[in-house]
Number of protein chains: 2
Amino acid sequence: MAMEADSSDLRLRRALEASGQRFTEQRAAVYRCLANTDVHPTADEVFLNVREGLPGISLATVYKSLETLVGCGLAVKLTFADESARYDGRTDPHHHARCLACGRVADIPGEIAETEIAALRRRSDGFTVTGYRLQLSGYCSTCLPEGGPAPVHA
Amino acid sequence: MAMEADSSDLRLRRALEASGQRFTEQRAAVYRCLANTDVHPTADEVFLNVREGLPGISLATVYKSLETLVGCGLAVKLTFADESARYDGRTDPHHHARCLACGRVADIPGEIAETEIAALRRRSDGFTVTGYRLQLSGYCSTCLPEGGPAPVHA
DNA sequence: ATCCTTGCAAAGCATTTGCAGTCAC
DNA sequence: GTGACTGCAAATGCTTTGCAAGGAT
């Protein structure tokens, strides 16, 4: 939604140049794929999607490109128990909510209140906190009927 | 620390019986290993540790036992990007802080304030939140000197 | 006696790697 | 022209599985 190829290509080009790496159509296609979706695809899903416009691309290249994007800060790698890694091209602060029934990952906007973070820092005796990640679990509206109650610390 | 074998064995026995499973020395050894440490070991680390007292145990059995414990609610499986799964035998509410330098995972006591969770629920349009998991990242006291600044959303 | 568990070895899967050819700069 | 990148295929490493023997209830 609402991100033309030109815009994401330019952002990618800048990020790559900043770290001495080259702009390639494979990397551009992978980044465009991430930037245009909110489904948090797996590497394989990115591969299948990108291959439609770039039939020759290999899965290994998709993996390498995703890792490059993560290195540039243009994507985040998400891991949930048992599943294969998923990638997120959004860079604004938000959390992730994973449906225990269908596995889909939804974005939840916002950050944890600064006071809360401060309290955590205070409790984290000796550990210097530089970042955090909050993963919610539960049931999406589609799956709610089937899902029963679940433990609080999923 | 401070948990005799008898105590953890009993707890395990009860949890297993409650779900119609059998108490075995392999499962007991695995659970004792988790209950007596705060290092959040990988399956392989549990295997190496348990093997000292139970030389015949196999890695596959350790994996199966860990999964059984998770199923009983006596352990939690933790996954961090790129690393193999780690297991946590603590059942009281707490968060995890992973050192970006050495990979160690420390426990941070406490929960997120209920008001904060409520705010998240409000924002999670259509999604029914049943649980959450907070992972902090940063540098432990041992590694701090080597670690530089890091992005806020690690 | 029943049928759940174990241990072994093999299989499975996601991800990574080595390398020759190709391409961006 | 040069060094980085790609595509292929093989390799890696964690985890799971099938099955016969062993063990808990």
Side-chain angles (χ1 to χ4, degrees), chain A residues 9-10 12-31 33 40-72 74-87 103, chain B residues 9-10 12-31 33 40-48 50-51 53-72 74-87 103:
Chain A
D9 283 4
L10 185 57
L12 173 60
R13 178 158 246 133
R14 279 181 187 146
L16 288 171
E17 280 172 0
S19 51
Q21 301 182 89
R22 292 175 183 173
F23 179 92
T24 66
E25 57 177 342
Q26 288 86 345
R27 286 172 176 175
V30 168
Y31 183 45
C33 171
H40 313 86
T42 62
D44 200 67
E45 287 165 352
V46 171
F47 173 58
L48 292 176
N49 177 303
V50 163
R51 196 163 53 166
E52 290 173 14
L54 212 58
I57 196 170
S58 76
L59 180 56
T61 296
V62 169
Y63 271 105
K64 289 168 186 166
S65 298
L66 287 168
E67 217 42 58
T68 300
L69 293 177
V70 171
C72 290
L74 292 180
V76 173
K77 184 176 186 173
L78 306 174
T79 56
F80 299 96
D82 298 334
E83 297 182 6
S84 43
R86 295 177 171 278
Y87 293 84
Chain B
D9 283 5
L10 185 56
L12 173 60
R13 179 158 245 133
R14 281 181 186 146
L16 289 171
E17 280 173 0
S19 52
Q21 301 183 90
R22 291 173 184 175
F23 180 92
T24 65
E25 59 177 342
Q26 288 87 346
R27 286 172 176 174
V30 168
Y31 182 45
C33 171
H40 312 87
T42 62
D44 201 67
E45 287 163 354
V46 171
F47 172 59
L48 293 175
V50 163
R51 195 163 54 167
L54 213 56
I57 196 171
S58 77
L59 179 56
T61 296
V62 170
Y63 271 105
K64 289 169 186 165
S65 298
L66 288 168
E67 215 44 56
T68 300
L69 293 176
V70 171
C72 290
L74 292 180
V76 172
K77 185 176 185 174
L78 306 174
T79 56
F80 299 97
D82 297 335
E83 297 184 6
S84 44
R86 294 178 172 278
Y87 293 85

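Residue numbering restarts at 1 for every chain, and letters A, B, ... go by the order of the sequence lines.
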Picking from [options], which would you name as closest to the side chain of [X]?
X: B/Ala60; options: C/dT5, C/dC8, D/dC8; answer: C/dC8
X: A/Ala85; options: C/dC25, C/dT15, C/dT6; answer: C/dT15
X: B/Ser58; options: C/dT5, D/dT6, C/dG7; answer: C/dG7
X: A/Ser84; options: C/dT5, D/dC5, C/dT15; answer: C/dT15

From B/Cys72 atom SG to B/Glu67 atom CD, the distance as rounded to the nearest 0.5 Å: 10.5 Å
A/Ser65 OG to A/Tyr87 OH distance, which is reported to the nearest 0.5 Å: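 Here the rounded value is 10.5 Å.
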Below 4.5 Å, heavy atoms only, C-beta onward: do [X] and [Y] meet side chain to side chain?
X: B/Gln26; Y: B/Leu54; value: yes
X: A/Val30; Y: A/Arg27; value: no
X: B/Leu69; Y: B/Leu12; value: yes

Write down the distance between [atom1] ([X]) and [atom2] ([N]), rounded to a whole number of angstrom.
X: A/Arg13; N: C/dA24; atom1: CZ; atom2: P; result: 10 Å
X: A/Leu66; N: C/dT16; atom1: CG; atom2: P; result: 10 Å
X: B/Phe47; N: D/dC14; atom1: CZ; atom2: P; result: 13 Å
X: A/Leu12; N: D/dC5; atom1: CG; atom2: C1'; result: 14 Å
X: A/Phe23; N: D/dG3; atom1: CZ; atom2: C1'; result: 19 Å
X: A/Tyr87; N: C/dA14; atom1: OH; atom2: P; result: 13 Å
X: B/Gln26; N: D/dG22; atom1: CD; atom2: C1'; result: 10 Å
X: A/Leu16; N: C/dC25; atom1: CG; atom2: P; result: 9 Å

Counting only side-chain N and O atoms of [X], is one of them less than 4.0 Å from OP1 or OP2 of [N]?
X: B/Tyr63; N: D/dT15; answer: yes
X: B/Thr24; N: C/dC4; answer: no
X: B/Arg27; N: D/dG23; answer: no
X: B/Ser65; N: C/dT5; answer: no

Donor-acceptor contact below 3.5 Å, side chain B/Glu45 vs main chain B/Thr42: yes
Closest-nucleotide 5' rank along DNA chain D - winner of B/Lys64 and A/Leu54: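 That would be A/Leu54.
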Along DNA chain D (nearest heavy atom to each residue), the more 5'-positioned of B/Asp44 and B/Gln21: B/Asp44
Base C/dC3 paired with B/Arg22 side chain (donor-acceptor, <3.5 Å): yes
Scan [X] against the nucleic acid and name what it touches under 4.0 Å (heavy atoms): base, sugar-phosphate only, or nothing.
X: B/Glu67; value: nothing
X: A/Thr61; value: base
X: B/Gly20; value: nothing

